[in-house]
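Take a look at the structure below.
What's counted below: heavy atoms across the whole structure, side chains too, no hydrogens, waters or symmetry copies.
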Amino acid sequence: MLEAMKALAERSVMERVVLLVNHVISAEPQAMERLRAHASRTIRIEVVGWPAMLRAPSPLSFRITPPGLVEWIEEQGPITPDLRVGVAVSNPALALARLVVGERPAISVDGDATFASDVNWLIENLRWDMQDDLARIVGAAPARAIARFGSAVAKALREGAKKLDAFARRAEPRDVPPAAEPPRR
């Protein structure tokens, strides 16, 4: 029963993530145009180097739709993607902290070069205008106030993550030569 509830929650979250991604893509006509050229192609995102003692997140697969949006593919069996993206995450907590600071993790890409180039353009250029979306719901003035508050919170989180990242970098093990053994008596 717990597995069924977990699967339902994952499905629900993925459906909302896809709605958000498609909302951001549809706000930029050039993004849709770039993706339209790759209709029916698939992309698979998976973590690489995940610690063996932790359960690795499942790979995520998406298909590009004819209008130039994305749809999540619930994997029922093996899928051969047109583009495979591996995200290096050997230390999940540190990777998350670096992501909050704005650093991207190391990635490996395998597949169609044109498709990869267009996906990279999306990553580099798409931004969510949250204030504009809020203004449609609550009005322009409250949306500005909420956006300022959100920016302050985000700045505080980034600063905290930078400090955590700096601490983690100092705490990383260095190549230290082994200590000499004390003389035996």
Side-chain angles (χ1 to χ4, degrees), residues 2-3 5-25 28 31 34-35 38 41-64 69-75 78-113 115-130 147 149-176:
L2 191 58
E3 281 299 316
M5 288 175 61
K6 181 180 172 251
L8 185 62
E10 286 175 352
R11 184 172 220 272
S12 180
V13 167
M14 283 310 301
E15 288 171 352
R16 269 101 187 134
V17 167
V18 168
L19 284 172
L20 177 62
V21 168
N22 283 334
H23 172 72
V24 173
I25 290 171
E28 180 61 55
R34 283 178 178 263
L35 286 179
H38 303 287
R41 288 186 165 184
T42 57
I43 182 171
R44 180 181 174 119
I45 303 169
E46 51 196 20
V47 296
V48 178
W50 190 263
M53 67 181 129
L54 299 174
R55 184 171 182 241
S58 300
L60 300 173
S61 296
F62 301 92
R63 181 177 295 112
I64 307 302
L69 299 172
V70 297
E71 66 180 347
W72 174 53
I73 304 170
E74 267 189 286
E75 293 191 32
I79 294 174
T80 304
D82 297 294
L83 187 64
R84 183 183 314 266
V85 178
V87 182
V89 187
S90 59
N91 182 337
L94 184 58
L96 181 62
R98 288 180 178 165
L99 190 64
V100 169
V101 172
E103 287 183 34
R104 281 202 206 144
I107 63 167
S108 59
V109 179
D110 182 33
D112 182 77
F115 190 20
S117 175
D118 285 338
V119 168
N120 186 56
W121 184 90
L122 293 173
I123 292 168
E124 292 289 330
N125 294 289
L126 285 182
R127 298 293 176 261
W128 179 23
D129 188 354
M130 195 179 331
F149 176 73
S151 293
V153 169
K155 182 179 177 185
L157 285 172
R158 278 193 298 276
E159 289 303 315
K162 282 180 184 177
K163 289 178 183 177
L164 179 64
D165 182 44
F167 174 76
R169 288 178 195 258
R170 285 192 306 270
E172 285 179 345
R174 309 249 191 272
D175 290 333
V176 179

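With sequence neighbours excluded, no residue forms a side chain to side chain donor-acceptor pair (under 3.5 Å) with N22. Residues passing the side chain to side chain contact (heavy atoms under 4.5 Å, CB included) test with A31, sequence neighbours excluded: I25, E28, W121, L122, L126. Applying the side chain to side chain contact (heavy atoms under 4.5 Å, CB included) test to R63 and every residue at least two apart in sequence or in another chain returns T42, E71, I73. Scored by the side chain to side chain donor-acceptor pair (under 3.5 Å) test, D112 finds R41 as partners (sequence neighbours excluded).
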Side-chain donor-acceptor pairs of residues 52-62 under 3.5 Å, sequence neighbours excluded:
unit_1	atom_1	unit_2	atom_2	d
S61	OG	E75	OE2	2.6

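Here L19 contributes atom CG and M14 contributes atom CE; the two are 10.5 Å apart, rounded to the nearest 0.5 Å. Here CG of L83 is found 9.0 Å from CD1 of I64. Values are rounded to the nearest 0.5 Å.
Between V119 and I43, some side-chain heavy-atom pair lies under the 4.5 Å cut-off.
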Walk me through it: do H38 and D118 pass the test side-chain contact (heavy atoms from CB on, under 4.5 Å)? CA-CA 9 Å; H38 303 287; D118 285 338; 2.6 Å; yes
Verify side-chain contact (heavy atoms from CB on, under 4.5 Å) between I45 and V87, making sure each step is shown before the conclusion. CA-CA 7 Å; I45 303 169; V87 182; 4.1 Å; yes
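Heavy atoms only, all atoms of each residue included: P51 and P92 are closest at CG-CD, 3.7 Å.
Judged as a side chain to side chain donor-acceptor pair (under 3.5 Å), the pairs with a partner in residues 9-19 (not counting sequence neighbours) are, in order, K6-E10, R11-E15, R11-E74, S12-R16.
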